[in-house]
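Okay, structure first, notes after.
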2 protein chains.
Amino acid sequence: MRTTIKDIARYTGFSVTTISLVLNGKAKKIPKQTKDVILEAADRLNYHPNQVAVGLVKKRTNTIGLIISDVSNVFFSNLAKGVEDECRRQDWNLILCNTNDKHSRDISYIQVLADKGVDGILFCMALDSSKKKGMESIGLMEKLKIPFVMIDRFLEGARCCFVSLNHELGGYMATEHLLKLGHRRIGCVTGPDVLEDSMARLTGYKKALAEYEIDFEPSLLYHGNYDRESGINGADYLVDKDVSAIFAFNDMCAYGVYNRLKRLGKSVPEDISLVGYDNIFFSEILDVPLTSVEQPVYEMGVEAVKQLIDGINSGNCAEKSILFQPRLIVRESTSEYKER
Amino acid sequence: MRTTIKDIARYTGFSVTTISLVLNGKAKKIPKQTKDVILEAADRLNYHPNQVAVGLVKKRTNTIGLIISDVSNVFFSNLAKGVEDECRRQDWNLILCNTNDKHSRDISYIQVLADKGVDGILFCMALDSSKKKGMESIGLMEKLKIPFVMIDRFLEGARCCFVSLNHELGGYMATEHLLKLGHRRIGCVTGPDVLEDSMARLTGYKKALAEYEIDFEPSLLYHGNYDRESGINGADYLVDKDVSAIFAFNDMCAYGVYNRLKRLGKSVPEDISLVGYDNIFFSEILDVPLTSVEQPVYEMGVEAVKQLIDGINSGNCAEKSILFQPRLIVRESTSEYKER
DNA sequence: CTGTTAGCGCTTTCAC
DNA sequence: GTGAAAGCGCTAACAG
């Protein structure tokens with residue numbers, strides 16, 4: 001059996017109270033000598049407080065939950081890394097929850113995490129959440145009085161702390177880059193329309209077009225799903241529209257575009273310039289390294305944890321948005337527009 | 001405040017015991033009517049047991065810890081996904097721990113997990129562990145009487161359950177594939193020599209060579225580190241050795257080889273055939289899709305959880321090795337040897 | 001059939 | 001300065 005506080009009491013002759021006081025640094029008026037005896041005994045008996053018991057009485061577990069759709073997705077695994085690293089730095093622990101983008105799992109995980117006594121939740125809403133469903137998740141956390149921070153995906157109207165990227169700016173940067181290179185017909189392979197971040201990228205795209213006094217053409221939009229498949233289909237669709245450049249709303253789908261274009265006999269960037277989004281590690285490895293908008297995902301994870309723990313310590317998370325700045329990483333998949 | 005069992009007692013007029021019995025399905029001789037009253041009350045009051053309290057008394061938390069080096073590494077993120085999915089299926093939870101391959105973190109996480117009351121640990125030893133250090137980690141888990149399963153990385157002499165891949169066979173398959181294509185001078189970019197799995201792949205390589213009666217040439221080995229950098233340096237080294245094929249001991253380093261060969265003006269597979277290992281998702285996306293030995297990482301994660309939970313339920317994990325079979329995925333990076 | 005009681009390991013108030 | 005006692009929310013003997 002593990003050593004308990006009682007064992008130390010028995011061993012030293014002091015009461016459980018005194019031991020607890022000393023071990024928690026709350027022993028204001030206990031003579032050094034007593035302290036030393038207790039500390040030494042704790043050490044010798046290799047005492048480690050049972051955190052389950054501590055959690056029960058303190059109603060604090062120093063544990064948070066991370067709800068995401070899928071750790072095996074590169075974006076989320078980088079986020080999770082940042083989250084876990086910061087947790088460790090602050091001596092907290094992390095319970096990982098994958099929802100596979102099912103709203104019902106958001107709900108069940110929130111409840112389970114609450115039952116397990118986590119002190120807070122980092123929440124990245126499931127993709128299949130309608131606005132109403134999303135609000136249900138948030139409502140549940142509020143009802144359970146469990147502090148939370150939303151990451152990456154936001155819900156208009158949610159009054160909470162939100163950590164993400166300035167996607168409008170990201171969309172603008174990608175588009176402006178292509179415009180500067182002389183491209184005028186720029187196709188997009190978007191993300192799911194229900195996602196605010198995809199919509200924001202689109203807004204940035206439109207804004208850049210407007211600045212260059214180019215009319216926005218809805219037919220140059222292929223509505224995708226952030227996966228490689230979308231990129232493949234998007235490439236098929238856009239090639240027929242005679243675009244000279246494509247802005248893929250994330251790298252995974254840019255890979256699809258890239259692969260498909262090649263198969264169609266179009267080369268990147270000679271025939272078509274391509275910009276991705278996320279700047280996944282792999283993008284650098286492609287034969288034609290991908291120009292991409294970088295999201296500092298790891299740092300976002302770190303920041304979200306900081307916000308959450310602050311919120312936990314102060315009672316609740318303040319309502320605010322922390323938007324990171326995107327950075328355009330120019331590589332070889334984009335080049336000047338050439339008249340054909 | 002959350003509803004407690006006392007609230008239900010007060011609400012229904014029954015004692016706490018009865019409530020507990022009913023809610024836990026242990027109410028053998030309690031009349032249906034009483035049950036219904038209690039169940040309905042629990043439902044109406046939206047009762048959810050406080051698992052921290054349950055954990056304290058039952059000494060079970062239905063939580064396991066996963067100790068790996070880095071979730072942002074594709075291999076581990078896929079493993080983690082399998083682990084978490086199986087946990088969810090069995091109604092368990094997962095605490096994620098990244099060590100960044102530091103042995104000292106293995107040790108501290110093991111202790112923390114024990115303090116938090118996890119029922120078991122899935123352990124993938126830190127890379128910087130010497131044999132002695134590795135044994136220290138295992139010894140600690142044994143001392144703490146916490147069931148564990150080792151995954152991916154094994155320690156000769158550890159008496160425990162181990163889930164991994166038959167890497168010797170994997171190395172053999174990759175090499176044999178190249179031999180069948182007529183290659184005779186096959187270079188290797190290995191993983192860290194301290195890792196059993198890298199050593200096993202090498203053994204498989206030698207075995208295949210022996211079958212084809214080819215002398216093993218130590219100079220055709222570049223000792224790498226499983227990262228892209230190793231691949232880059234390995235390519236430089238091996239090109240000078242006039243090999244016609246390279247077996248990279250993992251995909252990440254195969255990418256390095258691939259990128260470097262291209263830069264050196266060698267094309268894959270025309271000039272040099274290339275085989276990777278792990279079959280990471282991305283390998284399919286490369287301009288020259290990579291032939292690779294597949295590790296069913298996700299399934300390994302699932303199996304490890306099954307073993308661990310079985311072990312927890314039965315008192316301890318049986319000493320056994322569960323080796324998955326590798327599968328060679330032939331793509332376009334390998335072709336027949338051509339006399340030059 | 002159901003309730004009383006003790007106790008999991010710890011913190012904390014209050015009293016001496 | 002230190003200890004007794006209560007209690008966190010729950011389970012599980014043991015009574016009756």
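Hydrogens, waters and symmetry mates are skipped; everything else that's a heavy atom, side chains included, is used. Predicted model only: the values in this text are computed from it and were never measured.
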At 4.0 Å (heavy atoms only), tell me whether [X] reaches a base, stays on the sugar-phosphate, or touches nothing.
X      : result
B:T4   : sugar-phosphate
B:G117 : nothing
B:V54  : sugar-phosphate
B:V16  : base

I want to check one thing: is the phosphate of [N], taken as OP1 and OP2, less than 4.0 Å away from some side-chain N or O of [X]?
X     : N      : result
A:K35 : D:dG1  : no
A:S15 : D:dG3  : yes
B:K59 : C:dG9  : yes
B:N24 : D:dT11 : yes

Any chance the side chains of B:D101 and B:T99 put a donor and an acceptor closer than 3.5 Å?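 No, because no side-chain N or O of B:D101 sits under 3.5 Å from a partner of the opposite role on B:T99.
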Under 3.5 Å side-chain donor-acceptor pair for A:D85 and A:Y298: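 A:D85 vs A:Y298: donor-acceptor pair found between side chains.
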Tell me which nucleotide among [options] gets nearest to the side chain of [X].
X     : options               : result
A:I30 : D:dC8, C:dG3, D:dG1   : D:dG1
A:T34 : C:dC1, D:dT2, D:dC10  : D:dT2
B:K6  : C:dT12, D:dC8, C:dC8  : D:dC8
A:K26 : C:dT12, D:dC10, D:dC8 : C:dT12
A:A53 : C:dC10, C:dT2, D:dT11 : C:dC10
B:V57 : D:dT11, C:dG3, C:dG9  : D:dT11
A:L56 : D:dG7, D:dG9, D:dT11  : D:dG9
A:T17 : D:dT11, C:dC10, D:dG3 : D:dG3

From [atom1] of [X] over to [atom2] of [N], roughly how many Å is that when rounded to an integer?
X      : N      : atom1 : atom2 : result
B:R10  : D:dG9  : CZ    : C1'   : 12 Å
A:I8   : C:dT11 : CD1   : P     : 10 Å
A:D115 : D:dG9  : CG    : P     : 14 Å
B:F14  : D:dC10 : CZ    : C1'   : 19 Å
B:Q51  : D:dC10 : CD    : P     : 9 Å
A:D7   : C:dG9  : CG    : C1'   : 11 Å
A:L21  : D:dG3  : CG    : C1'   : 11 Å
B:K58  : D:dA13 : NZ    : P     : 12 Å

Keeping the roles fixed (side chain from A:E196, backbone from A:E156), state whether a donor-acceptor pair exists under 3.5 Å. yes
Tell me if a side-chain donor or acceptor on B:S20 pairs with a main-chain N or O of B:V16 at a distance below 3.5 Å.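 Absent.
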When you compare the side chain of A:L165 with that of A:P296, does any pair of heavy atoms fall below 4.5 Å? yes
Is any side-chain N of the basic residue among B:K58 and B:D119 closer than 4.0 Å to the acidic one's carboxylate O? no
